[in-house]
Structures are given as structure tokens and as C-alpha cells.
*Asks:* 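Got a structure for you, questions after.
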Amino acid sequence: MCCRKPHTAPISQRALKPGYTMRRFSVRLAYIFSYNLFQFCGHTWILANTITRFLTFGKDALADMFYSVGFVMSLCQLLSILELFHIADGIENARLLPRFVQVMEKNLMLILVIVVEEIQSKPVVCVQFFLWNILDLLRYPHELLCVMDKPSTTMLWSRYTLWIPFYILTVATEGVTVYQSLPYIDPAVYRVSRNTPTKSPNIPLPLVLMLYLPVLTLGAPVTVWQLLKERRHHIEKWNKTKKTK
């Protein structure tokens, strides 16, 4: 009578330390899934709230639009800094440079909108928030599907193709936002401190913002170039995966 061959675990599982590596992997998986789900729900709520208010109140919704969605938007953008650590740690497969530029752009613009209250009711700020939400709603559903190991061709194409023209529009609106905020900034009040031992005067914030505009203009093509390389990499990787199946 033949003895049944005992079940042996796969090599990848046998090489792991019991109760440690698998648990660590599960925690990392649960964390990145929860993060992407939170960002997706947050930006969905912001977009739905904004559209509902405009359909209900029309142009009057601009008056308190920032107060209605500003807290959730600030929370989502502040947490987006964690994505830099996700990429550095290998949790997310993406290029660090374009993500760093995108995260810093959004947070700097959000700080500007919070500090200069006069521009919070400007239409350009509403357009800015709308484009930010479109960008993130193109990205986070794709990330969620990848975490669940159920990638979609449509979501992959939207994430890495539609994302680029929307990003260009976002950079344009950021430039308009900075330009429109300049008349409301008092150089005597808003100054950037230079932590130097010399007694040199502080730098007025309007001058910093004016210097930021050409930096934004020159940095956008570099970021788009990086995004195009990232798109080509992921599309080629997807095509190779489909051919091997």
C-alpha cells in the first residue's frame, strides 16, 4: 500500500520565518490597501460635494467652497507625503522624482491657498481642486486593483495616459493661482526668513512666488518626460504579462 506523499509548502513559504514574514507582509498589504481606499473615498467625497454644491447653489458655491472641502483636501494632501516613503520602501512601484514633484507642488499650493484667504473663493481654486481630484481618482482605483491583484487594462491606460494631459492642466492652473495671489500678499507681512548670521533683510514672499513661476514652468516638462517613461514601462510590462499567459 502506497503511502501518501506528505504535503510540502512552496519554497517561497518554506523560506519564510513562521509567524513573522507572512504577518509582516499581511500588515503591509493591509496598510497600503487601507491608504489607497482612504484616498479614493476622500477624493470621491470632495468631488461629489463640489459638484453637488455647484448644481444646488451655482456660482454662489464659490464663496464657501474651500471651507466645505478644505479640511478633507488638506488631510488627503498631507497624507500623500507618505507615498514618497512607499516608493522608497518598495511598497509601491513608481518613480520617486515625478511623485516628489507632484506631492510638493500640491502641498505648497494648498499652503498658499490657506494662507491667502482672499483667493479661496476664486474660480481658479475651484478648478484647481477639481483637477486634483480627477488626477487622484484616475490613480487610486488603479492602485486598489493592483493591490487586490486584479489589474484592469482600462484603468491602467487611464492611469498612465489620461493622467498626463490632466497634469499639464493642473500645472497651468497652479501658475494662474500663484499669479492671482500676488496682489493680495503684503510684502511687509509675508516674508521668508533667511537663517544666516549676517543682518541681511528677509526675502518678500511675492518675490519668492514670482521666482517659483519659471521654476514651475521649467519643471513641468521634466516631470511630463518622467511620466511618459513611467507610462512606457508599465504598458510594456503589461503587454509582456499578457503574452506570457
*Asks:* State, yes or no, whether a side-chain contact exists between Tyr35 and Ser80 at a heavy-atom distance under 4.5 Å.
*Replies:* yes
*Asks:* Once you round to the nearest 0.5 Å, how far does CG of Leu162 lie from CZ of Arg139?
*Replies:* 15.0 Å
*Asks:* Identify whether the distance between the nearest side-chain nitrogen and carboxylate oxygen of Arg53 and Asp64 falls below 4.0 Å.
*Replies:* yes
*Asks:* Please determine whether residues Val125 and Leu108 belong to a single hydrophobic cluster, defined as Ile, Leu, Val, Met, Phe, Trp and Tyr linked transitively by side-chain heavy-atom distances below 4.5 Å.
*Replies:* no
*Asks:* Can you measure from OG1 (Thr161) to CG (Leu227) and round to the nearest 0.5 angstrom?
*Replies:* 11.0 Å
*Asks:* Which value, rounded to the nearest 0.5 Å, describes the distance between Ile46 atom CD1 and Cys41 atom SG?
*Replies:* 11.5 Å
*Asks:* Taking only residues two or more places apart in sequence, or in another chain, which ones meet Tyr31 in a ring pair (Phe, Tyr, Trp, His ring centres under 6.0 Å)?
*Replies:* His86
*Asks:* To the nearest 0.5 Å, how far apart are OG1 in Thr44 and CG in Asn133?
*Replies:* 8.0 Å
*Asks:* Quick check: closest heavy atoms across Val72 and Gly42, and the distance to 0.1 Å?
*Replies:* CG1-O, 4.0 Å
*Asks:* Is it true that a side-chain atom of Asn49 and a backbone atom of Trp45 form a donor plus acceptor pair closer than 3.5 Å?
*Replies:* no
*Asks:* Any idea which heavy atoms bring Thr170 and Thr173 closest together, and the distance?
*Replies:* O-OG1, 2.7 Å
*Asks:* Among Leu169, Thr177, Leu110, Val113, whose side chain to side chain contact (heavy atoms under 4.5 Å, CB included) with Gln128 holds?
*Replies:* Thr177
*Asks:* Do Trp157 and Val224 land in one hydrophobic cluster if side-chain heavy atoms of ILVMFWY residues count as linked below 4.5 Å?
*Replies:* yes
*Asks:* Is there a chain of hydrophobic side chains (I, L, V, M, F, W, Y, each step under 4.5 Å between heavy atoms) that links Met210 to Tyr212?
*Replies:* yes
*Asks:* Take Tyr179 and Glu174 through the side chain to side chain donor-acceptor pair (under 3.5 Å) test and state the conclusion after the steps.
*Replies:* CA-CA 9 Å; Tyr179 180 77; Glu174 288 175 359; over 6 Å; no
*Asks:* If we check salt bridge (Lys or Arg N to Asp or Glu O under 4.0 Å) with Glu83, which of these qualifies: Lys106, Arg95, Arg99?
*Replies:* Arg99
*Asks:* Rounded at 0.5 Å granularity, tell me how far OG in Ser152 sits from CZ in Arg159.
*Replies:* 14.0 Å
*Asks:* So Met65 and Phe129, side chain to side chain contact (heavy atoms under 4.5 Å, CB included) or not? Walk me through it.
*Replies:* CA-CA 10 Å; Met65 185 274 300; Phe129 282 13; 4.0 Å; yes
*Asks:* Please evaluate residues Glu117 and Phe66 with respect to the criterion side chain to side chain contact (heavy atoms under 4.5 Å, CB included), reporting the C-alpha separation (whole Å), side-chain torsions for both, the decisive distance (0.1 Å), and the verdict.
*Replies:* CA-CA 10 Å; Glu117 297 182 358; Phe66 180 80; over 6 Å; no
*Asks:* On a heavy-atom basis, which atom in Leu112 and which in Ser181 lie closest, and how many Å separate them?
*Replies:* CD2-OG, 3.7 Å
*Asks:* Just so I know, are the side chains of Glu92 and Phe85 near enough to count as touching, which here means a heavy-atom distance under 4.5 Å?
*Replies:* no
*Asks:* Please state whether the rings of His43 and Tyr140 are parallel, tilted or perpendicular, taking 30° and 60° as the class boundaries.
*Replies:* parallel
*Asks:* Take a 6.0 Å sphere around CZ of Phe130 and say whether it holds more than 12 heavy atoms from other residues, nucleotides or ligands.
*Replies:* no
*Asks:* Are Leu29 and Leu144 in one and the same hydrophobic cluster, where Ile, Leu, Val, Met, Phe, Trp and Tyr link if side-chain heavy atoms are under 4.5 Å apart?
*Replies:* yes
*Asks:* Hey, can you tell me if His234 and Tyr160 have their rings parallel, tilted or perpendicular (30° and 60° cut-offs)?
*Replies:* parallel
*Asks:* With a 4.5 Å heavy-atom cut-off, do Leu138 and Phe166 have their side chains touching?
*Replies:* yes
*Asks:* Going by heavy atoms in the side chains, are Ile119 and Val116 under 4.5 Å from each other?
*Replies:* yes
*Asks:* Kindly indicate whether the side chain of Gln102, heavy atoms from C-beta on, has any atom under 4.5 Å from the side chain of Tyr167.
*Replies:* yes
*Asks:* Would a 4.5 Å heavy-atom cut-off, applied to side chains only, mark Lys237 and Asn93 as touching?
*Replies:* yes
*Asks:* With side chain to side chain contact (heavy atoms under 4.5 Å, CB included) as the test, would you mind laying out the steps for Cys126 and Phe54 before giving the verdict?
*Replies:* CA-CA 10 Å; Cys126 181; Phe54 267 97; 3.2 Å; yes
*Asks:* Hey, could you give me each pair passing side chain to side chain donor-acceptor pair (under 3.5 Å) that has a residue in residues 215-227? Not counting sequence neighbours.
*Replies:* none
*Asks:* Flag yes if Leu47 and Leu55 sit in one hydrophobic cluster, no otherwise; membership is Ile, Leu, Val, Met, Phe, Trp, Tyr, and two members link when side-chain heavy atoms are under 4.5 Å apart.
*Replies:* yes
*Asks:* Side-chain contact, heavy-atom cut-off 4.5 Å: Thr154 with Ser158?
*Replies:* yes
*Asks:* Give, for atom CG of Leu145 and atom CE of Met155, the distance between the pair rounded to the nearest 0.5 Å.
*Replies:* 6.0 Å
*Asks:* Heavy atoms only: give me the nearest Thr52-Thr56 pair and the separation to one decimal.
*Replies:* O-OG1, 2.8 Å
*Asks:* Hey, are the side chains of Gln77 and Asp136 touching, using non-hydrogen atoms and a 4.5 Å cut-off?
*Replies:* yes
